[in-house]
Undergrad: 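The structure follows.
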Amino acid sequence: MIRRRIIELLTRAANEAQKSGKLPSVALPEITIEHPQNPEHGDYASSFPLKLARTIGVNPLTIARDMAGFITPTPEIESITVAPPGFINFTLNNDWLTGQVDAILTAGESYGNIDLGKGSRVQVEFVSVNPTGPLHVGHGRGAILGSTLANVLAAAGYDVEKEYYVNDAGSQMAAFYRSLYARYQQCLGADAEMPADGYLGQYMVDLAKEIIAEQKERFLSLPPEEAIAKLGKLGLDRIMAQIRGDLELLRVSFDVWFSEQSLYDNGQYKKVMSLLQKGGYIAEKANATWFVSTALGEDKDNVVVRSDGSPTYFATDIAYHYNKFIERGFDKVINIWGADHQGHISRMKAVVAALGIAPERLKVIISQMVTLRRGKELVKISKRSGDIITLREVIDEVGADACRFFFVSRTADSQMDFDLELAKKQSADNPVYYVQYAHARIASILRLAEEKGIDCADGDVSLLTTEPELTLIRKMLLLPEILEVVAFTLEPHHLAYYAQDLATVFHSFYMQCRVVTEDEKMTKARLKLVEAAKTVLARTLNLMGMNAPDRM
RNA sequence: GCGCCUAUAGCUCAGCGGAUAGAGCAUCGGUCUUCGGAACCGAGGGUCGUGGGUUCGAAUCCCUCUAGGCGCACCA
């Protein structure tokens, strides 16, 4: 990656300058470069001399000049200039730039890949919704965030596993089972009351009816406890199938579906509890068992086992993270949670620390709330109240591509409105079509060339010298940098902005440069360029889990 | 009361401590009509919520305040 190359050159120059005595031997600040907004300042610029000036008290412009003298010329770089008050600017060489078109074509679908992760193992756990009902838009946001992030991390050289944690144990599931039993009885004309903490949505009635259609009234005669258990299992399977189906529609897939219950069945829960006990992190208070978070700087302790003997959600999450880090040995674990889990972060970090794991290895991304609207009308999303618009309905209305793009283009930490009316009405203006259109346009050009029997394999890319052509190449070269940023910050929205930028630059090129003309040599060169652009666009769309259509 | 998130153009949002704060939509005005017009080019529009501070330099970092959201369970 050219960005890395330039940073290396600067680092070496700084070291050489120190050796020669032009710069004092002090600890150097980190060398950073950026893309100047003004093209006259080149492709890359470093303000390193300005930063160093502070610590050593030398005129930044002098530092810049001294350092520039130590930068060894390379084929990639056309010129290195020094600009006040102390910038070092780099301009890329045109021959090198055009040569990158061939490089992109050679790389093909792997173009953009970098080796940031060096094969280290990362788990991305996301969605992990309790199987008590259908998914809603908020879950969709987490799903798209997680799957896009996983795609990018894989491209950045990490060994990625995607996981869905199935909460098939615990009190909320118990409430779900009891609700299902009540609806089942009611649908068969029996007298039954919904539990106070029950799930009141219409989908529970539908679920009961589905089960009745298949299983008839056979559970009616069983003792309630047994009926609840058996019905519950059937209900759980059906809801999980529905969730999987919804996620598939969004092109979200998982490598592992991890069962909460298995933590008990496999003894992980017991193991981790005795570990924490030995570490002195467990205390008995008021008839319950507590994790002593206060020993690790937390505000308060947290219950792990209730006074009735049942473990809390926090208890299984402790076992789960023990399993992730210790049993399965992930180097890094990324959890994507909804905003309502914010308060859970610090105590989970405390747990991880108590298990002797560096807390930085656990990254939690909080995706803020999505409010759903139809025009001005707010639609409440609550599984219990029952008045829900499901994720599936939203996908049906706006389509998976638009849905994905819409969610991925906003940072996780700001709340967003999802206006169904607007999403539908403006779907033709949706940026997703703008980007996909660029791809389809290129495909169309390539079809034309094929019809004419033009083979561009021997095309000479050095003919690509005009501004629109070089601008397009420059933009294509940014993809690896974008992947680096996304993998580092865990903020996939940069990808969506890049996709739009790339499409814009292509459309602009298209307007100014005709590809297929009487000029055979130029035609072949531009066909190569356009094919490379198609490669980069497709890769970008695919990383976002979107289609790159040849026709629309 | 405490913790976390947010506040940037009319609207929806980008913005990595750096050189003139950007994009889409909307508005206004152009291009064009031989590779797909679902396109391109241009213009207007901003005291970056408030008030301080750090810095050669702050939308960006620190503090105050205001407004909105989410948490602060022996729910998950």
Side-chain angles (χ1 to χ4, degrees), chain A residues 32-38 40-41 45-47 50-51 53-54 59-60 83-87 89 128-130 132 167 170-173 175 197 260 285-290 299-300 302-317 337-346 366-369 371 406 409-417 419 422 426 428-431 433-434 436-438 440-449 451-452 481 485 488-489 491 493-494 496-497 500-501 503-504 506-517 523 526-527 530 551-552:
Chain A
T32 57
I33 60 175
E34 68 241 2
H35 296 279
Q37 43 187 338
N38 184 343
E40 284 171 22
H41 296 141
S46 180
S47 56
L50 286 161
K51 288 181 179 122
R54 184 181 315 170
N59 183 328
F87 290 100
N89 297 331
S128 300
V129 177
N130 283 353
T132 55
N167 296 105
S171 62
Q172 291 202 353
M173 282 317 288
D197 57 350
E260 177 184 6
K285 271 192 298 188
N287 260 339
T289 307
W290 301 69
D299 288 343
K300 54 186 174 120
N302 300 97
V303 173
V304 281
V305 182
R306 302 182 184 92
S307 44
D308 69 359
S310 63
T312 61
Y313 152 86
F314 183 49
T316 41
D317 235 14
W337 292 342
D340 51 343
H341 286 63
Q342 173 62 50
H344 193 49
I345 297 176
S346 62
I366 291 296
S367 84
Q368 291 295 326
M369 305 267 299
T371 51
F406 188 76
S409 56
R410 277 154 180 75
T411 53
D413 22 66
S414 41
Q415 298 166 230
M416 61 184 283
D417 274 5
D419 185 341
L422 201 72
Q426 293 199 335
D429 293 326
N430 193 309
Y433 297 105
Y434 179 78
Q436 289 180 324
Y437 180 66
R441 242 184 175 178
I442 297 173
S444 172
I445 297 170
L446 296 178
R447 278 195 299 272
L448 178 74
E451 278 167 27
K452 296 199 168 196
E481 293 181 23
V485 168
F488 187 73
T489 62
E491 293 173 349
H493 69 274
H494 294 107
Y497 284 87
Q500 288 183 86
D501 281 353
T504 298
F506 168 75
H507 285 309
S508 179
F509 155 83
Y510 177 88
M511 280 294 160
Q512 298 173 74
C513 303
R514 195 183 157 85
V515 177
V516 180
T517 63
T523 297
R526 284 185 175 161
L527 278 173
V530 143
R551 297 172 200 270
M552 333 179 18

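Every chain is numbered from 1 and lettered A, B, ... according to where its sequence line falls, protein lines coming before strand lines. Note: hydrogens, waters and symmetry copies are ignored here, and every other heavy atom, side chains too, is used.
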Undergrad: When the distance from CD of Glu491(A) to C1' of C13(B) is rounded to whole Å, what number comes out?
TA: 14 Å
Undergrad: Looking only at side-chain N and O atoms, does Thr371(A) come under 4.0 Å of OP1 or OP2 in G69(B)?
TA: no
Undergrad: Under 4.0 Å from OP1 or OP2 of A14(B): is there any side-chain N or O of Ser414(A) that close?
TA: yes
Undergrad: Look at the side chain of Tyr437(A) and decide which nucleotide, out of A38(B), A76(B), C40(B), has an atom nearest to it.
TA: A38(B)
Undergrad: I'd like the P distance from G51(B) over to A58(B), given in whole Å.
TA: 16 Å
Undergrad: Pairs counted as Watson-Crick or G-U wobble with both distances under 3.5 Å: what dot-bracket string results for RNA chain B, using | for bases tied to another strand?
TA: (((((((..((((....[...)))).(((((.......))))).....(.(((..]....))).))))))))....
Undergrad: Is it true that a side-chain atom of Ser307(A) and a backbone atom of Ala288(A) form a donor plus acceptor pair closer than 3.5 Å?
TA: no
Undergrad: Between U8(B) and G24(B), how far is it from one C1' atom to the other, in whole Å?
TA: 15 Å
Undergrad: State whether Tyr510(A) and Arg441(A) meet the cation-pi test: NZ (Lys) or CZ (Arg) under 6.0 Å from the six-membered ring centroid, and within 45° of the perpendicular axis.
TA: yes
Undergrad: Using a 4.0 Å heavy-atom cut-off, does Gln37(A) contact any base of the nucleic acid, only the sugar-phosphate backbone, or nothing at all?
TA: sugar-phosphate
Undergrad: With a cut-off of less than 4.0 Å, is there a side-chain N or O of Ser171(A) near OP1 or OP2 of A76(B)?
TA: yes
Undergrad: Using a heavy-atom cut-off of under 4.0 Å over every strand shown, decide if Ala286(A) touches base, sugar-phosphate, or nothing.
TA: base
Undergrad: Considering only heavy atoms and no angle criterion, is a donor-acceptor pair shorter than 3.5 Å present between the side chain of Arg54(A) and the base of G57(B)?
TA: yes
Undergrad: Please confirm whether the shortest side-chain N or O distance from Ser508(A) to OP1 or OP2 of C41(B) is below 4.0 Å.
TA: yes
Undergrad: Taking A9(B) as the reference, what is the distance to A26(B) when you measure between their C1' atoms (whole Å, please)?
TA: 11 Å
Undergrad: Under 4.0 Å between a side-chain N or O of Ser444(A) and OP1 or OP2 of G36(B)?
TA: yes
Undergrad: Atom CE of Met416(A) and atom C1' of C70(B): how far apart are they, to the nearest Å?
TA: 16 Å
Undergrad: Give me the distance, rounded to whole Å, that separates U12(B) from G49(B) when you measure between the P atoms they each carry.
TA: 15 Å
Undergrad: Taking only the P atom of each, what is the distance from U27(B) to C32(B) in whole angstrom?
TA: 23 Å
Undergrad: Rounded to the nearest 0.5 Å, how far apart are CG of Leu527(A) and CG of Leu446(A)?
TA: 6.5 Å
Undergrad: Considering only the P atoms, how many Å lie between G53(B) and G15(B), rounded to the nearest integer?
TA: 28 Å
Undergrad: In whole angstrom, what separates Gln415(A)'s CD from G71(B)'s C1'?
TA: 13 Å
Undergrad: Figure out the NZ/P separation between Lys452(A) and C35(B), and round it to whole Å.
TA: 10 Å
Undergrad: Which nucleotide, C70(B), A14(B), A19(B), lies nearest any side-chain atom of Thr411(A)?
TA: A14(B)
Undergrad: Anything under 30° is parallel, anything over 60° is perpendicular, the rest tilted; go ahead and classify Trp337(A) against His344(A).
TA: tilted
Undergrad: Parallel under 30°, tilted from 30 to 60°, perpendicular over 60°: which one fits the rings of His493(A) and Tyr497(A)?
TA: perpendicular
Undergrad: Which part of the nucleic acid, if any, lies within contact of Asn38(A), taking any heavy atom under 4.0 Å across all strands shown: a base, the sugar-phosphate backbone alone, or nothing?
TA: base
Undergrad: Considering residues at least two apart in sequence or located in another chain, which fulfil the side chain to side chain donor-acceptor pair (under 3.5 Å) criterion with Gln368(A)?
TA: none
Undergrad: Output all residues satisfying ring pair (Phe, Tyr, Trp, His ring centres under 6.0 Å) with His507(A), sequence neighbours left out; order by chain, then residue number.
TA: Tyr434(A), Tyr437(A)
Undergrad: Is the closest side-chain heavy-atom distance between Leu448(A) and Val515(A) below 4.5 Å?
TA: no
Undergrad: Taking 4.0 Å as the cut-off, does a side-chain nitrogen or oxygen of His494(A) come that near to OP1 or OP2 on G15(B)?
TA: yes
Undergrad: In whole angstrom, what separates Arg551(A)'s CZ from G36(B)'s P?
TA: 10 Å
Undergrad: Touch check for Ala45(A), heavy atoms < 4.0 angstrom, all strands: base, sugar-phosphate only, or nothing?
TA: base
Undergrad: Just to be sure I understand the rule, does Met173(A) reach a base, reach only the sugar-phosphate, or reach nothing, if contact means heavy atoms closer than 4.0 Å?
TA: nothing
Undergrad: Taking atom P in both A7(B) and C62(B), compute the distance separating them and give it to the nearest angstrom.
TA: 14 Å
Undergrad: How would you label the contact of His41(A) with the nucleic acid (heavy atoms, under 4.0 Å): base, sugar-phosphate, or nothing?
TA: base
Undergrad: Rounded to whole Å, how long is the line connecting atom CG of Leu50(A) with atom P of U55(B)?
TA: 16 Å
Undergrad: Which nucleotide in the set C35(B), C4(B), C5(B) lies at the smallest distance from any side-chain heavy atom of Leu448(A)?
TA: C35(B)
Undergrad: Please classify the nucleic acid contact of Arg514(A) as base, sugar-phosphate, or nothing, using heavy-atom distances under 4.0 Å.
TA: base
Undergrad: Would you say the base of A14(B) and the side-chain of Asp501(A) have a donor-acceptor pair closer than 3.5 Å?
TA: no
Undergrad: Roughly how many Å is it from OH in Tyr434(A) to C1' in A38(B), rounded to a whole number?
TA: 11 Å
Undergrad: Would you mind classifying the nucleic acid contact of Asn59(A) as base, sugar-phosphate or nothing, using non-hydrogen atoms under 4.0 angstrom?
TA: nothing
Undergrad: By centroid distance (under 5.5 Å) and plane angle (under 30°), are His493(A) and A14(B) in a stacked arrangement?
TA: no
Undergrad: Looking at every strand, decide which applies to Ala440(A) at a 4.0 Å heavy-atom threshold: base, sugar-phosphate, or nothing.
TA: base
Undergrad: Map Asp299(A) and Glu40(A) onto RNA chain B by nearest heavy atom, then report which one ends up closer to the 5' terminus.
TA: Asp299(A)
Undergrad: Considering only atom C1', compute the distance from C63(B) to C25(B) and round it to an integer number of Å.
TA: 37 Å
Undergrad: Given atom OH of Tyr510(A) and atom P of U34(B), what is their separation to the nearest angstrom?
TA: 11 Å
Undergrad: State whether the side chain of Ser508(A) and the backbone N or O of Thr504(A) hold a donor-acceptor pair below 3.5 Å, judged by distance alone.
TA: no
Undergrad: Would you mind reporting whether Thr32(A) and Lys51(A) have side-chain heavy atoms less than 4.5 Å apart?
TA: yes
Undergrad: Under 4.0 Å, heavy atoms only, any strand: does Lys300(A) hit a base, just the sugar-phosphate, or nothing?
TA: sugar-phosphate
Undergrad: Kindly indicate whether the side chain of His35(A), heavy atoms from C-beta on, has any atom under 4.5 Å from the side chain of Glu481(A).
TA: yes
